[in-house]
Amino acid sequence: MILGIDTSIGTAVALVDPAGGILAEIVSPDPRGHAEVIGDLLDRAFAAAGVGPADVTAVAAGMGPGPFTGLRVGIAAARAFALGRGIPVVAVASHDAAARALADPAFAVAANAADSAPVVEGQPLAVVTDARRREVAVSVYRVESGEPVRIVDPHLVLRASTDPVELFGAPASELAETTSISAAALARIAAERLASGTAVTDAAEPLYLRAPDVTISAGPKKVGT
Amino acid sequence: MTRATPRREPLVLGIETSCDETGIGIVRGRSLLSNTIASSMAEHARYGGVVPEVAARAHLEALQPAIEAAVAEAGVSLDELDAVAVTSGPGLAGALMVGVGAAKALAVSLGAPLYAVNHLVGHIAADILTGDDVEYPTVALLVSGGHTSLLLVRDLVSDVEMLGETMDDAAGEAFDKIARILGLPYPGGPEIDRAAAAGDPNAIRFPRGLSRASDMAAHRYDFSFSGLKTAVARWVEQREAAGETVPVADVAASFREAVVDVLVTKALDACAQHGVPRLLLGGGVIANRRLRDVALERAAAAGVAVRIPPLSLCTDNGAMIAALAAELISSGAEPSTLAFGADSTLPVTEIQVRG
Ligand SMILES: [Zn+2]
């Protein structure tokens, strides 16, 4: 079975069987605190699925885009889990999972997309997520045979921008924002890519989309005052 | 104090990501099996200091290869581990979180207990890996780019007291900043050392922070290097404004002497006041030859025995984190729960974070 881990928004953990059936899906919507909750979420997912870590055959890691500090927690966890079991990590763009969840009602965690436009075959589908600093990350997909195919890679857009999103007549601010990533959809995508031989299993870079801020550290803050 | 050797010494992997070194250590009880370190120092050089986001990105890239290298060097397999240990704090929050996330997932995947420990106490634990019998109580002076702390260690796993610490810059940062003022590259410690070799440490009397009689009541064991930094900067600016050549060697030597003097004076004062004839040095700045020489010389005169672990165990590393966890396990400490987080200001009294 596949373990999916995504921390690009909240913290999401799921276990899916090779056929894509969802065995467990646990989410903490908190956009912070990923390092605190990741261990318990893993534990709870295994308990809910009634399986153990030794039953996992691959780990799907949500590579973002998303706020960096949280995003790294999930990727680090995915890699460490895989290392512990000697199994591959499949790097999956978090937006791919979001698009999949929008296109497939089986991934119920995408309930936040209820206010988004209905997904229509052959039509574009936008995934918009928070990128902090008054920006959003946007990707565009087209639904082909019920499957979203990415046609515009994730990029940053100012929330206040009035420029229409590619293939849309409206700016990003008028498109529905995804506030939760489905780790089950992420794991399902990884399972499919493993089956078709298209999975990226070497250490892919997170989708940071931004160069690091150069603020020199003042060192750890003082203790006790 | 020597503890009875446990029947079976725990095999522990330690993960340390509090600053710019990704450290993975593997110990079996008090025996060091691997001390693997990947440093992002070179990536920070052009900024003249540690850039937190650069450090955190580097941790994520370095973790997996470092764990693989450590396991290979130790000649063990991950499923043999008795426990996983990780630094919970203090340190840079975003950097710590990478290690915490990895440690939790590794522990869950292996079904192994997890120990979240204190970075500063880890520095003290490094001494155990030298193979000598370590005696407590001891005063510990930990000096690096991230911290400058004076601790009283009565028992490694149960009783560590913070006597004092820096109120502003860490000593290592002061070296970096003065190096920049003198036009020397980053990291400043070795550069200042090189420049100081030809200089007179008594050429210029720079201020010793928090060393006046009036400071003794509230800040007897605390440090401050910002006044020193300002004094050096002003002295250099005045020479430059007057069109004089700055005597870099003398400035470097005099600055270093001011830092070393205040560090050693306060550490030995702590030994005397607490009746503890032992001083442990730790942290990357211990690489500074002058600091070690002055500490050894003045401690000998004061009847204080000095312990200095090898430099590879003084700088930030995962072996010290694993060593501390192994001691906790041997003393019967329960594992941490999975609920702890990264705590950038974790107090030294919290040797293990239970979660
Ligand atoms: Zn340190």
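Hydrogens, waters and symmetry mates are skipped; everything else that's a heavy atom, side chains included, is used. This is a predicted model, so every value here is computed, not measured.
Looking only at heavy-atom pairs under 4.5 Å with chain A, the residue among B/A107, B/G99, B/G101, B/A105 that has the most is B/A105. Here A/D40 is the residue among A/I38, A/V73, A/D40, A/T69 with the most heavy-atom pairs under 4.5 Å with chain B. Ranked by heavy-atom pairs under 4.5 Å with chain A, the list B/G94, B/S144, B/G341, B/A56 is led by B/A56. Heavy-atom pairs under 4.5 Å with chain B were tallied for A/G86, A/G74, A/A77; the largest tally goes to A/A77.
Using a 4.5 Å cut-off between heavy atoms, A/A211 touches chain B through its backbone atoms (N, CA, C, O) alone. For B/V100, the part lying near chain A is the side chain, with the backbone staying farther off; criterion is any non-hydrogen pair under 4.5 Å. Residue B/Y47 touches chain A through both its backbone and its side chain, counting heavy-atom pairs closer than 4.5 Å. Both the backbone and the side chain of B/L338 have a heavy atom closer than 4.5 Å to some heavy atom of chain A.
In terms of heavy-atom proximity, A/V16 sits nearest to A/A187 at CG2-CB, 3.5 Å. Minimum interatomic distance between A/L71 and A/P206 (heavy atoms only, all atoms of both residues): CD2-CB, 4.1 Å.
Heavy atoms of other residues, nucleotides or ligands lying less than 6.0 angstrom from CD of B/E68 number more than 12. Within a 6.0 Å radius of CD in B/E80, other residues, nucleotides and ligands contribute more than 12 heavy atoms.
Here the OG atom belonging to B/S149 is positioned 5.5 Å from the CD atom belonging to B/E165, to the nearest 0.5 angstrom. In this structure, B/I321 CD1 and B/S88 OG are separated by 10.0 Å, a value rounded to the nearest 0.5 Å.
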